[in-house]
Asks: 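Before I ask anything, let me first share the structure, which is written out below as structure tokens.
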Amino acid sequence: MTQRNNRPVPFVTATAKGGAILAGAAIVLLVVVMLAEAMLRYVFSYPLGWNVSAVERLLMPAAVFFSLPWLYVHGGHVTADLVYERLAPSVRRFARVLTVVLIVVAAALLVIAGGREAWESFRLGDVPPPGSSDVAVPTWVWQGIQPLGALALLAVVLVDAGRFIRDEEVTP
Amino acid sequence: MIVLIVSIVLLALILLRVPVAFSIMAASILGLGLLGGLSNVVGVFAVIPTSAVGSFSLSAIPLFILMAHLVLESGALGAVFDSARTLVGRVRGGTGIAAVVAGAGFASVSGSSTAAAATLAHTSTRTMVEEGYSQRLATGTVASAGTLAAMIPPSILLVFYAVTAETSIGETFMAGLLPGLLMATALGLTVYVMALRGHAPGAHRSPLAQKLRAVLGLAPVLLLFALVVGTVFFGVTTPTEAAAMGCLGGLILMIWRRRLTLDRLRAAILGSVVSSGMILAIIFAAYVFGHFLAESRMTPAIVDAVSALEVPSALIMALIVLLYLLLGFFMDQMAIIALTVPVTLPVVEALGYDPVWFGVLIILAAEIGLITPPLGLNSFVTARASGIRLETVFLGAVPFIAAMLIVVVLVFVFPEIALWIPGLMQ
Amino acid sequence: DATVLKLADNYAPTHMFAEYGVLGFIEEIQEAADEPISVEYYPSGQMGGPREVLSLNRAGSLDITPAAPAYLADQLPLSSVTDLPGLFENSCVAARSLQELLSPGGILYEEEYEPRGLRPLWVAVLPGYEIMTVGRPVEQPADLRGLTIRSSGGAMDGNIAALGAAPVSMPASDAYEALSRRTVDGVSFPPASVLPYRLQEVLAYSTEGLNAGAFAIPYVMSESTWESLTQVQQQRVQEAAQRANERLCEGIEHEGPAAREVMAEDGVEFVRFDEQQAEEFAEMLQPVRERWASELDRVGKPGSAVLQEFERALQTHERDADQEEGTA
Ligand code: NA
Ligand code: NA
């Protein structure tokens, strides 16, 4: 059996890593914000107030959507299963093509639909007014997380598609 | 009809190994498109994914995952298995029982099953086989002990169930404790019975001093468990705050055990990115699917139909639990909860059953699928980590599956097992 | 073939917003046999939270949804003028005034709803917000310092901050869970909507007569849906909406006192202020309106103009209501 290069190209690994760093930072910030809030609330009786919307609008979406390319590269073989392994090679190949097509379609939808939403908010100038308890960033910023993360996934999958379909498993 | 077609497509995609989140999204695109055209699909994809994960309560999930990774990197869990082994002493099947205890120990700081099975497989399978355990018993023990993590608090599945079912997160979180301990007992007894039937030798005897030292080996994990679960039980913190404190505790454990290095910290954080990303991606995909289900207006029709049935409600409940058992064979547990609870819970509540109890029950049932073919993830992980054939692991799991089924029946018949502790909190 | 309209909101079909508003509206527009309309109704947040249903409406997945400025402070900051404290006591006066500003030509329609492709149909206004707590009673302004109080968002955040507490904005449907888990120490809520959320079960105390603001919820149709309707259908929708507006405010006026009774029966203690305390609270709340207007002016939005317009409309409708009462 000929040894062929089954490593993703540097663009793929670098994009995945960049996303993972952002997602990891979001998870660490979750801990920090939560502890700071608990501290200020119980010890000093002075809650932050904006922590809820910071978690909901910025940190949670960042933790998920920026992790998508990294998941594609590193989470690929968690669903190993008996059924798949007993399929004919041609069917398995079909399944991999189908996987790529479906990820591309779903990611493109996440980009286009989410991007349109963020663009609308940008166009209309949506931003929490002064004195609001919401975290003070323009709406398009947090609405932009989903399309941006999905765009990174889309780029990674398109660049990597040939290798993914050729090879049995994604092993970086 | 559309719902049926879409469900079949979903199952087919999962079996073809399309990643679960994307299988769900693809099925949803089909369903939403059939019901409302492209503008409907785009509308839902514009709004729902971000808002689904943008939930303060769900932030407990990445936090509990990070906590488990930090504890894992601290190496405190290896000590738990050794300590348990020393403490159980010369009971027949003692090392296997120790693996169950270690599984429970890991469960008390970890929220999901598969990580637990992987860790346990590394530490304990080899030890058991070297001591003369049959490969079947050694791997069956480890694969099934891994499932404890999804029941003994903290449980990510129970937190997510509470968010979906809109039950109290704190109470649902605590409801898993007794059923989890009952499950641990059942698994331990199974090891003992199998040992008596010749699958395992007697364990070694340890002097008292060594046993006392062993208790100290359990202390850090028990302390962390007490911190996280205790503060939730007494209502001092919410599960989310407790999870953040747990992360701090995990970090302190790393420092205390002199294991804090940049590499390990990075490994813990990146490991959390994978686990939480995967779970939350399934969750947002499932919310998109939920929109399709709502638009199909199937749920109210089912609730009406079931309520009109002239059969005892206990029978309907038994069938629902059976459904979860079957789904567990084919689907990811998180996806099962996310996709089905919006449909089944209204039925269960219409029949007058407690939603917290229902959550515990269906998670117990669905978790059995983690060790059975064809998708038994814990069995795969155990086989891979121990180098033992998958078929052997599945065979070894059979007596444990029987034990788990008995626990499901017990919790079904005696709801107090799940509801007693949450009742104390009110 | 009937034109199908999808209506989604976040309230149970038993909530007064449905009982006096949505249900009657649906019934009326479905009645006519010529150029028929049929409505698919998704209550109770089946289609998502307040933000989500509005976005789904604008994106074309839904046709009629609420668009409550309080939950959409980044999108509809001016429209939360109704949520300011001490402006009115009567729901009908407030609803008619707001409706005027929301109609084509009205300042809120032109500034906020029209640019977003939204056409307000009817509104519900809950007046008379009180501060309700789980732990300790609020007897004087100092008692509020350091408490986290659930806010409906928007201008309400400012009202709560002015009283010295920290506002946490969340939908009303999350309030029960937040109170029982002590994520918040209390809520800013109108008595009329305590019962639908069973908050009386977890609450221990409520102020009485604080008037710390209000909550307004316009139900809107997207402009694209509106334009897809025939003229006959448009007229039918408009007339049904007008009647929903009137039914709702009368229903709300009726529910308030009744709710207070049920709450008291369920063990919620109402705290009345003496004159000095009442004055102190009023003094704290008074500058909120001016500050709200000037802060919006500062970021380039016509806050003062909106406040003036609304106060003018309130005066007109209050006079009309008084006259009606006089002749009756
Ligand atoms: Na656990
Ligand atoms: Na619309």
Asks: Let me know if V236(B) has heavy atoms under 4.5 Å from chain A in its side chain, its backbone, both or neither.
Replies: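 Just its backbone gets close to chain A.
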Asks: For the rings on F289(B) and F292(B), is their centre-to-centre separation under 6.0 Å?
Replies: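 Between F292(B) and F289(B), which both carry aromatic rings, the centre distance is below 6.0 Å.
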Asks: Against chain A, label M25(B) side chain, backbone, both or neither, depending on which of its atoms sit under 4.5 Å from a heavy atom there.
Replies: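 Just its side chain gets close to chain A.
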Asks: Decide yes or no for T237(B) and V232(B): does some side-chain heavy atom of the first lie under 4.5 Å from some side-chain heavy atom of the second?
Replies: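 SC-SC contact between T237(B) and V232(B) confirmed.
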Asks: On a heavy-atom basis, which atom in H291(B) and which in L32(B) lie closest, and how many Å separate them?
Replies: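 That closest heavy-atom pairing would be C-CD2, 4.2 Å.
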Asks: Using heavy-atom distances under 4.5 Å, tell me whether E56(A) contacts chain B through its side chain, its backbone, both, or neither.
Replies: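 Contact with chain B is through both the backbone and side chain of E56(A).
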Asks: Can you tell which part of L270(B) gets under 4.5 Å to a heavy atom of chain A, answering side chain, backbone, both or neither?
Replies: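 Answer is both: backbone and side chain atoms of L270(B) are under 4.5 Å from chain A.
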Asks: If you count the non-hydrogen atoms of other residues, nucleotides and ligands that lie under 6.0 Å from CZ in F122(A), is the total more than 12?
Replies: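 Open: at most 12 neighbouring heavy atoms sit under 6.0 Å from CZ of F122(A).
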Asks: Using a 4.5 angstrom heavy-atom cutoff, name the option from A243(B), S275(B), S57(B), P49(B) with the most pairs to chain A.
Replies: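 So the answer, after comparing A243(B), S275(B), S57(B), P49(B), is P49(B).
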Asks: To check you understand the geometry: which heavy-atom pair defines the closest contact between F380(B) and L375(B), and what is its length?
Replies: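 Smallest heavy-atom distance, with atoms named: CE1-C, 4.0 Å.
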Asks: Side chains of I29(B) and L102(A), heavy atoms from C-beta outward: is any pair under 4.5 Å?
Replies: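 No, their side chains stay 4.5 Å or more apart.
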Asks: Is chain B contacted by the side chain of F66(A), its backbone, both, or neither, given a heavy-atom distance below 4.5 Å?
Replies: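 Neither part; nothing is under 4.5 Å.
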Asks: What are the two closest non-hydrogen atoms of T99(A) and P19(B), and how far apart are they?
Replies: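 Heavy atoms only, the tightest pair is CG2-CD, 3.5 Å.
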Asks: Counting only non-hydrogen atoms closer than 4.5 Å, does R57(A) touch chain B with its backbone (N, CA, C, O), its side chain (CB onward), both, or neither?
Replies: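 Neither part, no heavy atoms under 4.5 Å.
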Asks: So what's closer than 4.5 Å to chain B heavy atoms on L153(A): side chain, backbone, both or neither?
Replies: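 Side chain of L153(A) only, per the 4.5 Å heavy-atom cut-off to chain B.
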Asks: Using the side chain to side chain contact (heavy atoms under 4.5 Å, CB included) definition, which of the options L251(B), V273(B), V71(B), I269(B) pairs with L66(B)?
Replies: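 The passing option is I269(B).
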Asks: Under a 4.5 Å heavy-atom cutoff, which of S59(B), A26(B), S276(B) has the most pairs with chain A?
Replies: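 That would be S59(B).
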Asks: If you count heavy-atom pairs within less than 4.5 Å of chain B, which of V31(A), V52(A), I103(A), V55(A) leads?
Replies: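 With the most close heavy-atom pairs to chain B, the winner is I103(A).
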Asks: Heavy-atom distance under 4.5 Å to chain A: side chain of L13(B), backbone, both or neither?
Replies: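 Looking at L13(B), just its side chain touches chain A.
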